[in-house]
There are 2 protein chains.
Amino acid sequence: MRKSTLNAAEMRRFNRSLVLEHIRTGECSRIELAKKTGLTRAAISLIVDELLEEGILLQGSAISSSVGRRAVSLLLNPNAFYVVGLDISRTHYALGILDFCGKCLKQVKKRIDSRITAKDVLDEIKNEMLVMLENPPQGKLLGMGITAPGPLDVNEGKLLNPPNFEKWHGIPLVDYFKNILDCPVVLEKNSGALALAEKVYGAGRQYDSFFGLVVDTGIGGGFVNQGRLYRGSFGFGAEIGHTSVDCFGDMCDCGNNGCVELYASVPRILEWAVSLDSSFNDWKVIIDEAMAGNLLALNVAEREAEYLSCIITTIVQVLDVPAVVIFGDLTYKFELIQNLIREKVNSRILSRSLGGVEIKASRLTDAPAILASGNLIIENYIRAGDTI
Amino acid sequence: MRKSTLNAAEMRRFNRSLVLEHIRTGECSRIELAKKTGLTRAAISLIVDELLEEGILLQGSAISSSVGRRAVSLLLNPNAFYVVGLDISRTHYALGILDFCGKCLKQVKKRIDSRITAKDVLDEIKNEMLVMLENPPQGKLLGMGITAPGPLDVNEGKLLNPPNFEKWHGIPLVDYFKNILDCPVVLEKNSGALALAEKVYGAGRQYDSFFGLVVDTGIGGGFVNQGRLYRGSFGFGAEIGHTSVDCFGDMCDCGNNGCVELYASVPRILEWAVSLDSSFNDWKVIIDEAMAGNLLALNVAEREAEYLSCIITTIVQVLDVPAVVIFGDLTYKFELIQNLIREKVNSRILSRSLGGVEIKASRLTDAPAILASGNLIIENYIRAGDTI
DNA sequence: TTAATTTGTCAATCAATTTAACAAATGAGT
DNA sequence: ACTCATTTGTTAAATTGATTGACAAATTAA
């Protein structure tokens with residue numbers, strides 16, 4: 001059952017949010033907004049005036065069309081707000097500040113000393129953050145987004161029990177930073193947040209829905225469904241790394257058999273590759289060799305592509321997405337593995353009509369982890385009307 | 001990007017739809033509606049008056065609470081509308097009429113002669129239908145819902161290329177009946193429509209989201225997400241039968257390797273069962289034997305449960321649903337296989353916190369296929385405000 | 001019988017969009 | 001240079017639907 005009913009105020013919030021969303025995907029004029037949203041020019045004018053008044057939008061240059069008065073383009077004011085983004089991984093943390101347009105203004109990435117406690121790491125992050133905020137950028141602090149490996153308790157703002165991450169179990173991440181900053185703080189799975197950032201700033205822009213597949217030490221997923229991050233009933237959705245590619249396969253720590261993570265995560269595929277050729281201890285080496293014509297290396301790439309095509313097929317059959325975007329080490333000289341995966345996937349979904357599935361590499365370059373975490377807050381702001 | 005913006009008319013449509021939805025899930029009074037929806041009593045009164053005026057609602061008996069004026073319960077008027085439902089399977093068709101509350105008023109189920117053309121079958125169905133409609137029930141004909149095995153082109157209202165269904169390929173089902181009835185006609189995958197009916201009338205009522213798993217000659221799926229049927233980008237979603245339980249397994253007609261349908265569909269598991277004991281040619285026999293202590297039969301049930309638990313785990317990891325509802329032959333004396341599946345699934349998702357997954361049997365008894373197809377139209381009507 | 005309580009209705013008000021007229025800006029044709 | 005059609009944007013009045021707050025109706029308890 002839908003949560004919220006509608007009244008005039010909700011209606012306004014919703015339409016305002018719609019306007020912001022359209023402008024975020026690209027400068028556009030009032031008239032274009034009216035056409036895209038279906039609102040009248042008058043209504044658009046009222047909403048835009050309000051947003052200009054609040055300093056959230058800027059008027060850009062006049063766009064000349066054929067004849068008639070020139071349309072005035074509207075764009076987000078990057079200095080309207082700023083956000084803090086923090087990504088915590090097993091080995092590092094990345095901390096930074098984004099402006100309202102997602103531009104990274106400041107950033108640090110530091111190794112996490114494996115011997116110190118989570119509390120000490122948090123205190124270190126806190127100090128870094130306070131230094132950054134001594135000379136804050138223009139605008140108001142909108143909030144802080146935190147990303148970490150799943151599974152995590154999004155509502156409580158804590159990590160649950162990700163493997164090899166024991167020291168963080170149960171640490172109240174969100175509360176810790178809420179107490180310091182006194183602003184909204186949200187926690188999200190890193191792979192989900194990455195996919196959402198890709199939707200706004202990267203290769204996902206052209207798709208309404210797509211699946212983001214993060215392949216590195218583990219295999220994670222993020223499902224963008226109709227422009228929004230799919231979270232599932234308990235915030236555990238898109239956990240593709242622990243789906244099986246072999247019903248009776250090896251036992252995984254997670255309880256399942258034959259998890260794809262056991263075969264296709266970077267460490268696991270390298271483990272197998274090294275057994276073929278001891279120089280294959282880096283994915284880049286394998287790709288470079290394969291491109292140079294080394295058949296053994298190509299063999300490794302094919303095997304990796306086979307596993308990934310298997311789960312991508314599952315994703316496509318269940319979610320029916322038009323595209324999958326791949327993140328992580330595999331995007332190195334992507335064409336080779338891309339073609340292998342695309343061929344295998346499209347062969348596996350042969351009987352599905354209406355064309356194949358696009359396989360793309362992430363196009364987030366500048367500090368993707370910080371962008372992904374900070375963007376969570378920008379997203380929440382822009383979609384404030386999005387409670388339906 | 002969301003399609004529709006909001007104005008006063010949309011707002012009303014939406015709130016009206018919300019009211020209908022609440023009443024459909026159970027009689028309730030104006031005051032309860034106000035509490036549940038968040039609208040004011042005044043707004044509820046206006047909407048309810050309109051619905052009473054249109055004959056869509058009925059006033060029921062007064063509900064006595066402790067003190068004060070008694071609340072008047074409101075319920076859907078079953079005679080406000082009726083719908084036609086048609087399900088086409090490989091061997092049979094089922095045709096019927098439902099009232100607005102989903103009660104089946106008339107029904108026929110007939111074998112499809114494998115030697116006649118699709119056009120002839122349609123003409124036969126048409127004649128059956130016209131006979132039924134000679135003495136139509138009270139109310140207005142709201143539309144016709146058709147269900148068939150996927151994949152199908154929902155927009156064009158045609159079947160695409162389901163295996164063993166060649167004579168139906170490309171037949172313009174929806175247009176055929178639209179021309180006869182002059183009312184809305186929709187086409188949907190049978191497994192999806194079943195899941196949606198289960199949400200409204202069956203075991204899915206208590207869940208906001210769940211997955212329906214149809215196990216018979218094939219394996220189909222339907223994903224109810226936040227009360228709505230998930231369709232995916234091209235209407236192919238929830239196609240769980242052609243996801244792999246073995247990345248390098250047997251080749252399936254669909255193009256994939258190791259599809260679960262190759263191992264766990266009823267014919268396939270029986271094929272294997274018969275090789276163990278020639279009397280195991282019926283799932284009921286296997287279950288009866290297993291319950292009587294036959295270890296070989298239990299072995300068969302365990303193997304079936306193993307395959308299903310593997311794909312249910314995939315479903316849970318990707319979609320994060322709290323429950324899976326199973327349809328089809330497997331629901332015979334369900335407790336045995338239910339317990340096996342539940343144990344195996346919950347063992348496979350061990351590391352996921354926040355409790356296990358419910359495994360339920362469908363509770364649709366009276367003409368589920370007709371209910372599922374006809375309900376599509378009722379659903380569309382009730383959710384008419386649901387364009388957001 | 002009265003008071004308290006709950007449910008439901010009504011009229012006035014409010015908030016947001018639409019409608020429709022108008023103003024501003026611009027290029028094309030004369 | 002001037003006019004005119006065209007496009008973009010603004011404004012005031014009208015419209016629609018929800019809210020507010022008072023009131024009426026119905027019921028139980030005292």
Side-chain angles (χ1 to χ4, degrees), chain A residues 2 4-20 22-23 27-53 57-75 384-385 387-388, chain B residues 2 4-20 22-23 27-54 57-74 384-385 387-388:
Chain A
R2 286 160 296 190
S4 151
T5 46
L6 254 33
N7 54 29
E10 285 291 320
M11 184 162 89
R12 168 51 80 97
R13 283 234 314 261
F14 185 94
N15 288 339
R16 181 186 147 117
S17 154
L18 208 53
V19 166
L20 280 174
H22 273 102
I23 294 175
E27 284 189 43
C28 57
S29 64
R30 290 171 179 78
I31 192 83
E32 286 174 304
L33 286 171
K35 280 174 192 155
K36 285 181 185 169
T37 63
L39 290 168
T40 58
R41 285 175 298 164
I44 292 289
S45 270
L46 290 170
I47 293 171
V48 165
D49 283 354
E50 185 184 281
L51 291 168
L52 286 168
E53 179 69 27
L57 294 185
L58 294 176
Q59 304 218 87
S61 53
I63 310 158
S64 97
S65 54
S66 56
V67 301
R69 177 172 169 177
R70 283 182 185 158
V72 178
S73 80
L74 300 161
L75 55 154
T387 47
I388 295 165
Chain B
R2 284 161 297 190
S4 150
T5 48
L6 255 34
N7 54 30
E10 286 291 321
M11 185 163 89
R12 167 51 79 99
R13 285 236 313 263
F14 185 95
N15 288 339
R16 181 186 147 117
S17 156
L18 209 55
V19 165
L20 280 174
H22 273 102
I23 292 175
E27 283 188 42
C28 56
S29 63
R30 290 170 179 80
I31 192 84
E32 285 173 307
L33 286 171
K35 280 175 193 155
K36 284 181 187 171
T37 63
L39 289 168
T40 58
R41 285 176 298 164
I44 292 289
S45 270
L46 291 170
I47 293 172
V48 165
D49 283 353
E50 185 184 281
L51 291 167
L52 285 169
E53 179 69 27
E54 294 175 30
L57 293 186
L58 293 176
Q59 304 219 85
S61 53
I63 310 159
S64 95
S65 52
S66 56
V67 300
R69 178 174 169 175
R70 282 183 186 158
V72 178
S73 81
L74 300 161
T387 48
I388 294 166

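Below, read A as the first sequence line, B as the second, and so on, with proteins coming before strands; counting in each chain starts at 1. Just so we're clear, the structure is a prediction, and the values are computed from it rather than from any experiment.
- Nucleotides of DNA chain D lying under 4.0 Å from heavy atoms of chain A occupy a range whose first and last members, 5' to 3', are D/dT6 to D/dT19.
- Here A/Ser45 contributes atom OG and A/Leu33 contributes atom CG; the two are 10.0 Å apart, rounded to the nearest 0.5 Å.
- Scanning for side-chain hydrogen bond (donor to acceptor under 3.5 Å, both in side chains) contacts around B/Glu54 gives B/Arg16, with sequence neighbours left out.
- A/Ala71 comes within 4.0 angstrom of sugar-phosphate atoms only, judged by non-hydrogen atoms across all strands, and of no base.
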Any N/O pairs under 3.5 Å between the protein and nucleotides 13-17 of chain C? List them or say none.
residue	atom	partner	partner atom	Å
C/dT17	OP1	A/Asn15	ND2	3.1
C/dT17	OP2	A/Arg12	NE	3.4
C/dT17	OP2	A/Arg12	NH2	3.1

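- Distance CZ (A/Arg30) to C1' (C/dA24): 13 Å, rounded to an integer number of Å.
- Counting heavy atoms from C-beta outward, B/Gln59 and B/Leu74 have side chains that approach closer than 4.5 Å.
- Counting non-hydrogen atoms under 4.0 angstrom, B/Arg41 reaches a base of the nucleic acid.
- Side-chain atoms of A/Leu20 and A/Leu57, non-hydrogen and from C-beta on, do get closer than 4.5 Å to each other.
- When rounded to the nearest whole Å, the span between CG of B/Asp49 and P of C/dT7 equals 17 Å.
- Under a 3.5 Å cut-off, the side chain of A/Glu32 and the backbone N or O of A/Ser29 do form a donor-acceptor pair.
- Of the two residues near DNA chain D, A/Arg70 and A/Ala42, the one whose nearest nucleotide lies more 5' is A/Arg70.
- We find that A/Arg13 and A/Glu10 are joined by a salt bridge, their nearest charged nitrogen and carboxylate oxygen being less than 4.0 Å apart.
- Nearest approach of A/Ala71 to A/Ile31, heavy atoms of both residues: CB-CG2, 4.4 Å.
- In terms of heavy atoms, A/Gly60 sits closest to A/Val72 at O-CG1, 3.9 Å.
- Checked by distance alone, B/Arg69 brings no side-chain donor or acceptor within 3.5 Å of a matching partner on the base of C/dT6.
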